[in-house]
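Numbering of ligands and ligand atoms starts at 1, following listing order.
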Amino acid sequence: MVRLIAAGRTEKGHARPNNEDGLLIRPPLYAVADGMGGHQAGEVASRMALEALVIHEPDPRFAPASLVQAVGAANERVYTRSREHPEWSGMGTTLTAALWDGQRLHLAHVGDSRAYLLEPGSALRQLTRDHSVTSELLESGLISPEAARLHPQRHVLTRAVGVAPSVEVDVITVDVVPNARILLCTDGLSGVITPDEMAQVLARPLPPERQVSLLVRWANLRGGPDNITVLLLTAEEVRP
Ligand code: MN
């Protein structure tokens, strides 16, 4: 038996005037979101999407279907609101959500926020695919990793929550072994800190909240060019 300990933090960083990221820790439901759109619309989109997840209250017994439905509800909510308010037209958000069923973690993912898995004795592994122009070019072999990193459209998403009447959602389910860690983050972390560096921090014998603060601080030291959100789930063994 394992139980999940959650720690999370979201910060503005050094370059952006406000924080358009959002963070949700409401066991058994967890999520990160990175909103986009002018006139504070990004903030509205990420907050509305996370609220929709909470209102929809996905049932772990019916995961992952219930989680995908909740993401669909979030999409509808953001999309409807953007149609009602011209100043919010075109707003959207990434959404990477996780639902714990007591044994397995179910992820629903849209956009370029990320989920990583660190199992004892293994390297940090990215569970999600970025839905961005450059990662699709990279996956189809049309550009090199180096060109992808410098590509002018590297931040342009091919999928987001709230920009169309419906959205395609990636679903990933992982078995969670004792001492495994799942890290959810927005691109404000993954854009400046490499997976090896993330693993270095997670390898340190520190409480989860400290590991989260260190990751956020490191992203800020790299200039904090974007809003930074980190959510860490640590699987602790429970003896019956
Ligand atoms: Mn971002």
Side-chain angles (χ1 to χ4, degrees), residues 7-25 30-53 71 74-75 78 82 88 90-98 107-116 124 126-138 145 148-163 167 169-170 182-195 197-198 201 212-232:
R9 195 178 177 97
T10 183
E11 273 187 25
K12 189 158 74 71
H14 293 314
R16 298 287 169 89
N18 38 27
N19 192 352
E20 302 200 326
D21 281 5
L23 169 69
L24 177 72
I25 299 182
Y30 311 89
V32 300
D34 181 345
M36 62 197 189
H39 303 98
Q40 269 90 61
E43 229 171 304
V44 174
S46 58
R47 196 187 59 232
M48 283 194 6
L50 295 176
E51 280 173 9
L53 286 187
V71 172
N75 184 78
V78 176
S82 78
W88 292 341
M91 72 173 169
T93 184
T94 73
L95 188 56
T96 302
L107 296 161
H109 165 73
V110 178
D112 69 349
S113 297
R114 288 182 179 176
Y116 294 92
L124 189 77
Q126 189 177 330
L127 296 171
T128 49
R129 281 176 50 220
D130 294 350
H131 301 133
S132 67
V133 170
T134 46
S135 69
E136 288 184 4
L137 288 171
L138 189 61
R149 219 173 34 248
L150 303 168
H151 199 280
Q153 289 194 309
R154 64 189 176 279
H155 299 301
V156 178
L157 298 184
T158 49
R159 266 197 245 173
V161 165
V163 298
V167 67
V169 181
D170 287 353
I182 294 96
L183 180 75
L184 307 187
C185 67
T186 59
D187 64 343
L189 183 79
S190 56
V192 291
I193 302 296
T194 66
E197 290 169 335
M198 294 176 197
V201 172
V212 167
S213 314
L214 280 176
L215 286 168
V216 171
R217 198 194 301 168
W218 205 351
N220 271 316
L221 285 171
R222 291 264 160 90
D226 194 4
N227 303 146
I228 308 153
T229 303
V230 179
L231 199 170
L232 178 63

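Around the CZ atom of Arg217, the shell of radius 6.0 Å holds no more than 12 heavy atoms that belong to other residues, nucleotides or ligands.
Contact between Asn220 and Gly13 at its shortest, heavy atoms only, is OD1-CA, 3.4 Å. Taking every heavy atom of both residues into account, His109 and Thr96 meet most closely at ND1-OG1, 3.0 Å.
A side-chain donor from one of Thr229 and Asp21 sits under 3.5 Å from a side-chain acceptor of the other.
Contact check for Asp226 versus Asp34: side-chain heavy atoms found under the 4.5 Å cut-off.
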As a quick check of understanding, evaluate side-chain contact (heavy atoms from CB on, under 4.5 Å) for Arg114 and Thr128, giving each step before the final call. CA-CA 6 Å; Arg114 288 182 179 176; Thr128 49; 3.8 Å; yes
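Protein N/O/S atoms found under 2.8 Å from the Mn ion (ligand 1), listed by chain and residue number: Asp34 OD2, Asp187 OD1, Asp226 OD2.
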